[in-house]
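One structure is given here, and the rest of the page talks about it.
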Amino acid sequence: MKSILERLNDIAESAFEKAGYAPKYGRVNQSNRPDLCQFQCNGAMAAAKEYHKAPIQIAEDVVEQLSVYDAFEDVTAVNPGFINMNLNPEFVAEIVEQISKDDRLGVPDAEHKKNIIVDYGGANVAKPLHVGHLRPAIIGESIKRICAFAGHNVTGDVHLGDWGLQMGLIIAELERMHPELPYFDESFAGEYPKEAPFDISDLEEIYPRASARSKEDDEFRKKAEDNTRRLQEGYAPFMAIWRHIMDVSVADLKKNYDKLDVHFELWKGESDVESYIPDMVKDLKEKGLAYESEGALVVDVSEPGDSKELPPCIIVKSNGATLYATTDLATIVEREKLYDPDQIIYVADKRQSLHFTQVFRVAKKAGLTGEDTELKHIGFGTMNGPDGKPFKTRDGGILRLEALQQQIVDEVKEKMRENRDYDDAELDEISQKVGLAALKYGDLSNQASKDYVFDIERFASFEGNTGPYILYTIVRINSMLKKFAEEGGEIDEDDEILPPEKKSEMDLYLALTEFSQMIQGAYEELAPHRVCSYVYSLCEAFNHFYHDTVILKEEDKDRKNSYLRLITVVKRVLEKSVWLLGFEAPEKM
């Protein structure tokens with residue numbers, strides 16, 4: 001099903017051609033002056049130079065051709081050469097009717113389905129999720145859902161940090177605390193315990209203690225580095241500890257990601273690609289790309305046209321250790337082999353842009369991906385506190401993500417108590433959903449690349465451009481539909497959605513017709529904030545219509561059924577939109 005803009009473009013292109021001008025000039029846009037018209041075409045201005053005519057003359061020629069189309073209620077040429085368009089209510093109603101009967105709400109399925117991997121989350125095992133993990137998780141989850149709804153085959157990979165120095169540090173600290181454990185007895189020949197000698201709370205204390213110790217004790221750090229090397233070489237006792245760490249950490253990570261309604265199809269990590277590294281390094285050498293520099297193995301990535309020279313990408317350090325670049329490249333090799341991706345999207349801090357530029361260039365130079373495989377980094381900004389600095393606890397520490405989520409849920413609870421009484425169970429259930437919406441919408445409504453201030457009070461507000469306001473609109477529609485059903489009413493799907501009679505009604509129809517175009521833009525730009533902008537405008541249009549219209553008490557049966565069918569479509573579009581953002585509406589608020 002074509003979007004409304006695609007239909008209008010087809011008409012305008014045909015009109016330009018019939019008037020004797022190139023069809024390319026028939027591009028239609030939403031008007032930036034809705035007080036004057038709904039849509040506008042400025043092609044006559046661009047065509048004037050080619051045809052050596054006044055723009056207004058070209059516009060008048062085209063308007064003469066446009067006037068025969070039933071799509072328009074009126075279309076006029078305005079100096080110096082604008083073509084202003086207002087649509088026929090019957091034309092708009094017909095499109096909304098088609099949307100109402102389409103399972104995909106007017107959004108066409110992808111003609112060429114891509115295999116897309118979204119690499120997001122990026123948590124490190126043995127460490128709790130903190131506020132820094134919020135943005136990659138929720139931006140990545142939304143991008144994954146947008147790509148899937150656009151019709152593609154999408155796989156989300158958490159890509160855990162599970163193979164680096166933190167493992168060696170934990171092993172060193174564990175040995176210092178418990179030297180009696182069998183993992184540290186070189187004469188031990190039995191089976192290692194199946195149960196871990198620690199739980200997640202222990203790990204969350206062990207790692208920061210070990211990290212702090214390594215900064216003060218050179219011998220301890222060297223031991224940790226040696227532990228990391230031995231682990232990566234497959235030393236059995238350390239592999240047994242590593243498996244314990246993974247089991248305990250992943251279970252805790254899944255629990256916390258579930259609370260965010262963030263879900264990964266793949267729970268892979270750096271360790272999964274260790275076996276690919278030797279052959280990959282050998283290949284880089286044989287192709288003449290990798291060379292030794294100051295003891296390290298590097299690949300040049302600078303290209304003609306760069307505004308500044310980029311440093312070489314280090315593949316192997318002088319001590320033989322691998323780096324993030326090494327495992328990221330090996331991960332590309334694995335993904336090509338197992339998943340044949342057309343596109344790999346990395347959702348990570350924008351401050352890592354140099355890293356991804358280096359990795360992508362090495363991958364392309366070495367032929368680790370197909371020529372048409374797109375590697376894309378979505379760089380996000382920081383979430384800042386009211387002071388404009390990265391969000392911290394009151395004592396200056398890094399706030400756990402679980403604690404941040406609870407803070408906003410508590411804020412929502414307080415606002416809900418101010419409005420009405422709830423029993424405790426009901427309050428807990430509703431506030432969890434509304435709190436999650438407040439948290440996610442507050443973040444996603446900002447362009448991903450920009451820093452933003454995390455304002456709990458504003459994000460949890462039930463008024464304005466917020467998650468709770470969006471959910472309240474959905475709940476309001478559900479409440480009306482439920483009341484209608486309880487009174488014995490039944491919506492007749494065979495009755496048509498009638499043409500709108502007043503401005504607030506027409507505005508709501510037009511907002512619905514924009515859904516398909518929005519999805520296309522959000523997918524092409526990988527931009528959840530486009531969904532937020534749309535869903536807020538649709539809620540505003542609905543609420544203006546709601547306050548301007550008697551719906552359930554409308555005496556004209558056909559008009560009443562049209563209203564009910566209309567708001568049912570609004571509900572479906574809103575519910576799909578918030579699903580794309582990663583949350584859902586409660587039954588009531």
Side-chain angles (χ1 to χ4, degrees), residues 104-105 107-110 112-123 129 132-160 250 253-254 256-269 272 328 331-332 334-336 338-350 352 356 373-380 401 436-437 439-449 467 515-516 518-535 575-584:
R104 293 182 53 80
L105 296 165
V107 178
D109 203 0
H112 306 289
K113 292 184 179 294
K114 294 181 180 179
N115 291 328
I116 300 174
I117 294 176
V118 185
D119 182 321
Y120 66 111
L129 292 177
H133 293 110
L134 176 68
R135 302 210 74 191
I138 64 177
I139 294 171
E141 180 72 16
S142 183
I143 286 174
K144 183 182 74 174
R145 295 185 184 198
I146 289 168
C147 291
F149 185 57
H152 301 287
N153 304 313
V154 192
T155 302
D157 185 359
V158 68
H159 195 66
L160 296 169
V250 170
L253 286 171
K254 286 184 176 180
N256 283 290
Y257 278 126
D258 281 348
K259 287 182 180 178
L260 277 177
D261 200 4
V262 168
H263 310 283
F264 302 94
E265 286 69 38
L266 297 177
W267 281 80
K268 286 182 170 288
D272 288 285
D328 277 348
T331 301
I332 290 173
E334 182 194 52
R335 287 170 176 165
E336 281 288 328
L338 300 181
Y339 307 105
D340 189 27
D342 298 293
Q343 184 181 40
I344 306 175
I345 301 165
Y346 297 79
V347 182
D349 194 311
K350 65 182 180 183
Q352 295 186 40
F356 286 108
T373 303
E374 183 183 9
L375 303 174
K376 189 172 185 65
H377 171 217
I378 302 297
F380 57 80
L401 186 50
L436 184 62
L439 181 67
K440 287 191 168 185
Y441 190 89
D443 185 295
L444 295 173
S445 57
N446 300 279
Q447 192 171 338
S449 61
F515 181 64
S516 175
M518 179 277 292
I519 293 296
Q520 183 179 338
Y523 163 68
E524 290 174 353
E525 298 173 24
L526 301 175
H529 75 275
R530 291 282 298 267
V531 182
C532 292
S533 179
Y534 171 78
V535 77
E575 287 178 338
K576 178 57 69 175
S577 296
V578 301
W579 177 83
L580 292 170
L581 298 172
F583 54 90
E584 62 180 355

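Each residue takes its place number in the sequence, starting with 1.
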Legend entry - For D340, all residues meeting side chain to side chain donor-acceptor pair (under 3.5 Å), sequence neighbours excluded: none
Inset, instruction - State whether a side-chain donor-acceptor pair under 3.5 Å links H159 with Y120. - result: no
Inset, instruction - Check for a donor-acceptor pair, side chain of R104 on one end and backbone N or O of F149 on the other, with a separation under 3.5 Å. - result: yes
Inset, instruction - Could you tell me whether the side chain of L260 reaches within less than 4.5 Å of the side chain of L401, counting heavy atoms only? - result: yes
Legend entry - Set of salt bridge (Lys or Arg N to Asp or Glu O under 4.0 Å) partners for K144, sequence neighbours left out: E141, E265
Inset, instruction - Decide side-chain contact (heavy atoms from CB on, under 4.5 Å) for T155 and I116; before the verdict, give the C-alpha distance in whole Å, the side-chain angles of both, and the deciding distance to 0.1 Å. - result: CA-CA 6 Å; T155 302; I116 300 174; over 6 Å; no
Legend entry - Residues forming a side chain to side chain contact (heavy atoms under 4.5 Å, CB included) with A348, sequence neighbours excluded: Q352, F356, H377
Legend entry - Close side-chain approach of T331 and I344, heavy atoms under 4.5 Å: no
Inset, instruction - Could you tell me the separation between the CG atom of D261 and the CG atom of L581, rounded to the nearest 0.5 Å? - result: 11.5 Å
Inset, instruction - Taking side chain to side chain donor-acceptor pair (under 3.5 Å) as the test, write out the residues that go with E334, two or more places apart. - result: K268
Inset, instruction - For E374, check side chain to side chain contact (heavy atoms under 4.5 Å, CB included) against everything at least two apart and list the hits. - result: Q343, K376
Legend entry - By salt bridge (Lys or Arg N to Asp or Glu O under 4.0 Å) - contacts of E524 (at least two apart): none
Inset, instruction - Find the distance between OG (S577) and CZ (F583) and round it off to the nearest 0.5 Å. - result: 9.0 Å
Inset, instruction - Could you tell me whether the side chain of K113 and the main chain of N153 form a donor-acceptor pair under 3.5 Å? - result: no
Inset, instruction - Return the set of residues passing side chain to side chain contact (heavy atoms under 4.5 Å, CB included) with D443 (not counting sequence neighbours), or none when no residue passes. - result: L134, R135, I138, I139, Y452
Legend entry - Partner set under salt bridge (Lys or Arg N to Asp or Glu O under 4.0 Å) for K576, not counting sequence neighbours: none
Inset, instruction - Tell me, please, which residues at least two apart from H133 pass side chain to side chain donor-acceptor pair (under 3.5 Å). - result: none
Inset, instruction - Hey, could you give me the CD1/CG distance between I143 and L444, rounded to the nearest 0.5 Å? - result: 9.0 Å
Legend entry - A123 to L253 - nearest heavy-atom pair and separation: CB-CD2, 4.0 Å
Inset, instruction - Could you walk me through whether R335 and D157 pass the salt bridge (charged side-chain N to carboxylate O under 4.0 Å, His left out) test, one step at a time? - result: CA-CA 11 Å; R335 287 170 176 165; D157 185 359; 2.9 Å; yes
Indicate every side-chain donor-acceptor pair of residues 526-533 with a distance under 3.5 Å to a residue at least two apart or in another chain.
residue: R530; atom: NH1; partner: E525; partner atom: OE1; Å: 3.2
residue: R530; atom: NH1; partner: E525; partner atom: OE2; Å: 2.4

Inset, instruction - Please name all residues satisfying salt bridge (Lys or Arg N to Asp or Glu O under 4.0 Å) with K259, sequence neighbours left out, ordered by chain then number. - result: E402
Legend entry - Reported CG-to-OG distance for the pair D349 and S449, which is rounded to 0.5 angstrom: 11.5 Å
Legend entry - Whether Y257 and F264 hold their rings parallel, tilted or perpendicular, with breakpoints at 30° and 60°: perpendicular
Inset, instruction - Kindly determine whether V535 and L580 satisfy side-chain contact (heavy atoms from CB on, under 4.5 Å), including the steps that lead there. - result: CA-CA 11 Å; V535 77; L580 292 170; over 6 Å; no
Inset, instruction - Could you grab the distance from atom CD1 of I332 to atom CG of D119, nearest 0.5 Å is fine? - result: 9.5 Å
Inset, instruction - Output yes when a side-chain donor or acceptor of R145 lies under 3.5 Å from a complementary backbone atom of W579, and no otherwise. - result: yes
Inset, instruction - Dump the intermediate steps for side-chain contact (heavy atoms from CB on, under 4.5 Å) on I378 and I345, then the final yes or no. - result: CA-CA 7 Å; I378 302 297; I345 301 165; 3.7 Å; yes
Legend entry - Contacts of type side chain to side chain contact (heavy atoms under 4.5 Å, CB included), residue D342, not counting sequence neighbours: K114, N115
Legend entry - Euclidean distance, D328 CG relative to Y346 OH, rounded to 0.5 Å: 6.0 Å
